[in-house]
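So the structure is just underneath, and the comments pick up after that.
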Amino acid sequence: MPIAAPPAFSSLQQTVAAERPAPQPPRLKVVFAAMPRADPAAAPGKPQIYSMNEDGSDLRQLTFDESVASDWPVWAMGGRKILYTVEAPPGREEENGIYLMNADGTGAERLLATRGLVAQPKLSPDGRSVIFKASWEPFPVVAIYRLDLETMRIHNLTAVGTPELGLDTDARWSPDGREIILAAGPVRDGIISEPQLFLIDADGGSRRQLTADRFWYTDPALSPDGRLIAASTYRGEAWPFPPERRGQFPLPLDWHLVVQDRASGAQRLLTRGA
């Protein structure tokens, strides 16, 4: 069922709904989150957002409030905007939500205000809605939601195909905005285990499983023509999230980039996992 979203800035709502993505600038740029350190021995601070050119030059910090975590940045509107999340400390939860700012870090405004944490936001190709991941009551465990920027209503897309509970993550729009590709799997030791790849329609319907094996799949993306799927995959024998590394990055070895033909299911590994 649709969930009413808190009020957002009407001017921003109109801007996002009306604008359409423009071509990417000729020089590719990267946007990412990183934890700054005063020195190598110091504990890292909360994530901040940065951009740089594809060759590593022109590194720029775009967010500067180190009392909050600014994370999950992605380009939006053809590279003119950046979509990201904010997680504030206790007592300032009213600042949590999904934000949109200019590519140079200016003009930050909030699209969605929520006391619950959200992650992995993605703006649809037509600029009319945002998908994101959240663990919200009363729907367990984790689901993909869609925020309609014209009505400001939220829809649980995971619940359409799996109404009892959700284990969905890493959602990304297809280039034409008609489908969403994601990873989903059972939970083991509090972590989604052996996630496989799935496709759903933009409204959450027609859930189709694309892989069914013992490997892990994360961060999938469809090619511009929709024929190929790229993903990260773990193909080692060890558990990639051992208890002694809880809260850290998974084991660095045996991860590959894989490309799968959507029609035939044939796969091709692009890296050696070293």
Any side-chain donor near an acceptor of the partner, T169 and K133, under 3.5 Å: yes
Contacts of type side chain to side chain contact (heavy atoms under 4.5 Å, CB included), residue A134, not counting sequence neighbours: V118, F132, W136, Y145
Residue pair L100 / E109, side-chain heavy-atom distance below 4.5 Å: no
For the student: nearest non-hydrogen atoms of M52 and L59, plus distance: CB-CA, 4.0 Å
Q48 side, atom CD; Q61 side, atom CD - distance, nearest 0.5 Å: 6.0 Å
CA sep, side-chain torsions, deciding dist, call: L28, N53, side chain to side chain contact (heavy atoms under 4.5 Å, CB included): CA-CA 6 Å; L28 295 179; N53 293 330; over 6 Å; no
Selection residues 250-274 - residue pairs positive for salt bridge (Lys or Arg N to Asp or Glu O under 4.0 Å), sequence neighbours left out: E179-R262
Step-by-step side chain to side chain contact (heavy atoms under 4.5 Å, CB included) determination, I49 to D71: CA-CA 7 Å; I49 297 175; D71 209 349; over 6 Å; no
CZ on F198 to OG1 on T211, rounded to 0.5 Å: 7.0 Å
Verify same cluster id: I98, L123 (apolar side-chain graph, 4.5 Å): yes
Flag side-chain contact, heavy atom, 4.5 Å: T233 against Q267: no
Salt bridge (charged side-chain N to carboxylate O under 4.0 Å, His left out) involving D65 - partner list, sequence neighbours excluded: R92
Test salt bridge (charged side-chain N to carboxylate O under 4.0 Å, His left out) applied to E87 - qualifying residues, sequence neighbours left out: none
Closest contact, heavy atoms only, P186 versus E194: CD-O, 4.4 Å
Point-to-point distance, once rounded to the nearest 0.5 Å, from CZ of R153 to OG of S129: 15.0 Å
Worked check of side chain to side chain contact (heavy atoms under 4.5 Å, CB included) between Y84 and M101: CA-CA 8 Å; Y84 65 103; M101 66 180 173; 3.6 Å; yes
E93 (side chain) donor-acceptor with G91 (main chain) under 3.5 angstrom: yes
Residues in side chain to side chain contact (heavy atoms under 4.5 Å, CB included) contact with S206, at least two apart in sequence or another chain: D201, R208
Atom pair CG/CZ of D203 and R178 - distance to nearest 0.5 Å: 13.0 Å
Side chain to side chain donor-acceptor pair (under 3.5 Å) involving D176 - partner list, sequence neighbours excluded: S174
Test salt bridge (charged side-chain N to carboxylate O under 4.0 Å, His left out) applied to D168 - qualifying residues, sequence neighbours left out: R207
D104 CG to R60 CZ distance, which is reported to the nearest 0.5 Å: 8.0 Å
same_hphob_cluster(L112, M77) at 4.5 Å side-chain heavy-atom cutoff: yes
D55 vs S57, side chain to side chain donor-acceptor pair (under 3.5 Å): CA-CA, chis, key distance, verdict: CA-CA 6 Å; D55 61 3; S57 63; 2.6 Å; yes
Nearest non-hydrogen partners of P220 and A183, listed with the distance: CG-N, 4.4 Å
Co-membership, hydrophobic cluster, residues I131 and I82, 4.5 Å side-chain: no
Heavy-atom pair of closest approach, residues A103 and L62: O-CD1, 3.7 Å
Hphob cluster co-occupancy, V86 + L117, side-chain heavy atoms under 4.5 angstrom: no
Sidechain-backbone polar pair: H256 side chain, T271 backbone, donor-acceptor under 3.5 Å: yes
R110 bridged to E94 by N-O distance under 4.0 Å: no
Side chain to side chain, P36 and E66, heavy atoms closer than 4.5 Å: yes
Nearest-0.5 Å distance, CH2 of residue W173 to OG of residue S124: 5.0 Å
Distance-minimising heavy-atom pair for P89 and S67: CD-O, 3.2 Å
Salt bridge (charged side-chain N to carboxylate O under 4.0 Å, His left out) assessment of D58 paired with K29: CA-CA 9 Å; D58 195 26; K29 297 185 74 71; 3.7 Å; yes
Closest heavy-atom pair and its distance - I180, A171: CG2-CB, 3.8 Å
Any L83 side-chain heavy atom under 4.5 Å of K81 side chain: no
Pair R128 + E150, salt bridge at N-O below 4.0 Å: yes
Residues, nucleotides or ligands: over 12 heavy atoms within 6.0 Å of E164 CD: no
Salt bridge (charged side-chain N to carboxylate O under 4.0 Å, His left out) partners for R235, two or more places apart: none
Hydrophobic cluster partners of F215 (side-chain heavy atoms under 4.5 Å): I181, L197, L199, L210, Y217, L222, I229, V258, L269
L147-V74 co-clustered via ILVMFWY side chain contacts under 4.5 Å: yes
Steps toward side chain to side chain contact (heavy atoms under 4.5 Å, CB included) verdict (L149, V130): CA-CA 7 Å; L149 294 172; V130 174; 4.1 Å; yes
Expected output: side-chain N102 to main-chain G105 donor-acceptor under 3.5 Å: no
The single option from L182, I144, L165 passing side chain to side chain contact (heavy atoms under 4.5 Å, CB included) against T158: I144
Results of side chain to side chain contact (heavy atoms under 4.5 Å, CB included) for P44 - residues two or more places apart only: M35, R37
Residues forming a side chain to side chain donor-acceptor pair (under 3.5 Å) with S223, sequence neighbours excluded: D225
Pair listing, ring-ring contact (aromatic ring centres under 6.0 Å, His included) test, anchored in residues 48-72, at least two apart: F32-Y50
Note, V160 side chain near I200 side chain (heavy atom, < 4.5 Å): no
